[in-house]
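As a basis for the values below, the full set of heavy atoms in this structure was taken, side chains included, without hydrogen atoms, waters or symmetry mates. If you read the sequence from its start, that first residue is 1, and numbering goes on from there.
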Amino acid sequence: MLFRKKITFDQAARFNYELDRNEKLKTALKNLSLSQSGMGKKKYLTELLRLFREEGLDLSLKELDMLLLLRQKTDQLLDENRDDVQHGSYSARDEGASAR
């Protein structure tokens, strides 16, 4: 039987906070991405997880993948909402929410 470890809100919030605010981590991730062409996929992923672990985020590869996907989807939703507000377009869902 396969058990899936769930990502908690606290884990997602901490992950996003570190990616957005931790300058040391941001610099290390940038440097890793710049040197990625000289290493294989396995070494790159191992190094990526090590950088997060050094900042107190002990993640598995699957957890990292889920957190990155969650972040990407959240960014997409925020971009869609920002576009709706900038263009003055509101969906029926928005009208229903404001009527409550």
Side-chain angles (χ1 to χ4, degrees):
M1 182 178 253
L2 179 65
F3 292 98
R4 183 182 297 207
K5 185 176 178 183
K6 293 183 181 181
I7 297 293
T8 66
F9 176 79
D10 290 341
Q11 286 174 307
R14 170 90 192 278
F15 177 78
N16 286 321
Y17 177 84
E18 294 297 336
L19 279 180
D20 293 336
R21 304 283 185 218
N22 186 327
E23 293 301 323
K24 179 182 170 190
L25 180 61
K26 286 165 57 172
T27 300
L29 290 171
K30 180 181 177 181
N31 289 338
L32 178 62
S33 70
L34 292 173
S35 64
Q36 153 218 328
S37 63
M39 60 179 72
K41 181 179 178 180
K42 186 174 181 176
K43 180 166 175 49
Y44 177 79
L45 293 173
T46 300
E47 205 45 38
L48 185 63
L49 292 173
R50 183 188 64 75
L51 292 174
F52 282 106
R53 197 169 25 260
E54 283 180 357
E55 297 305 314
L57 293 165
D58 192 16
L59 304 170
S60 69
L61 194 51
K62 187 164 193 122
E63 290 169 326
L64 178 62
D65 190 45
M66 285 189 287
L67 286 165
L68 289 170
L69 181 61
L70 179 61
R71 184 175 170 99
Q72 179 184 29
K73 293 297 180 186
T74 301
D75 287 346
Q76 287 174 352
L77 289 172
L78 291 172
D79 286 343
E80 287 173 11
N81 287 341
R82 194 175 303 117
D83 288 344
D84 287 347
V85 169
Q86 286 178 350
H87 294 106
S89 61
Y90 298 97
S91 67
R93 180 188 70 226
D94 297 330
E95 290 176 21
S98 64
R100 287 184 215 159

K.L.:
Would the distance check show the side chain of N16 and the main-chain N or O of A12 forming a donor-acceptor pair, the cut-off being under 3.5 Å?
P.N.:
yes
K.L.:
Is there a path from L68 to L70 through hydrophobic residues (I, L, V, M, F, W, Y) whose side chains come within less than 4.5 Å of each other?
P.N.:
no
K.L.:
Please name all residues satisfying salt bridge (charged side-chain N to carboxylate O under 4.0 Å, His left out) with E80, sequence neighbours left out, ordered by chain then number.
P.N.:
none
K.L.:
Side-chain heavy atoms under 4.5 angstrom apart, residues restricted to Ile, Leu, Val, Met, Phe, Trp, Tyr: same cluster for L69 and L64?
P.N.:
no
K.L.:
Just jot down the salt bridge (charged side-chain N to carboxylate O under 4.0 Å, His left out) partners of D20, sequence neighbours excluded, or say none.
P.N.:
R71
K.L.:
If you measure from the Lys or Arg side-chain nitrogens to the Asp or Glu carboxylate oxygens, is any gap between D79 and R82 under 4.0 Å?
P.N.:
yes
K.L.:
Not counting sequence neighbours, which residues clear side-chain contact (heavy atoms from CB on, under 4.5 Å) with R14? List them please.
P.N.:
E18, L57
K.L.:
How would you list, by chain and number, every residue that makes a side-chain contact (heavy atoms from CB on, under 4.5 Å) with L29, sequence neighbours excluded?
P.N.:
L19, L25, L48, L51, F52
K.L.:
Calculate, to the nearest 0.5 Å, the distance between atoms CZ and CZ belonging to R50 and R53 respectively.
P.N.:
8.5 Å
K.L.:
Let me confirm one number: the CG-CG distance from L59 to D65, rounded to the nearest 0.5 Å.
P.N.:
11.5 Å
K.L.:
Applying salt bridge (Lys or Arg N to Asp or Glu O under 4.0 Å) as the test, list every pair that has at least one member in residues 21-38; sequence neighbours left out.
P.N.:
E23-K26, K24-E55
K.L.:
Identify each donor-acceptor pair in which a side-chain atom of residues 35-42 lies under 3.5 Å from a protein atom, sequence neighbours left out, and give them as a table.
P.N.:
from : atom 1 : to  : atom 2 : distance (Å)
S35  : OG     : N31 : O      : 3.2
S35  : OG     : L32 : O      : 3.2

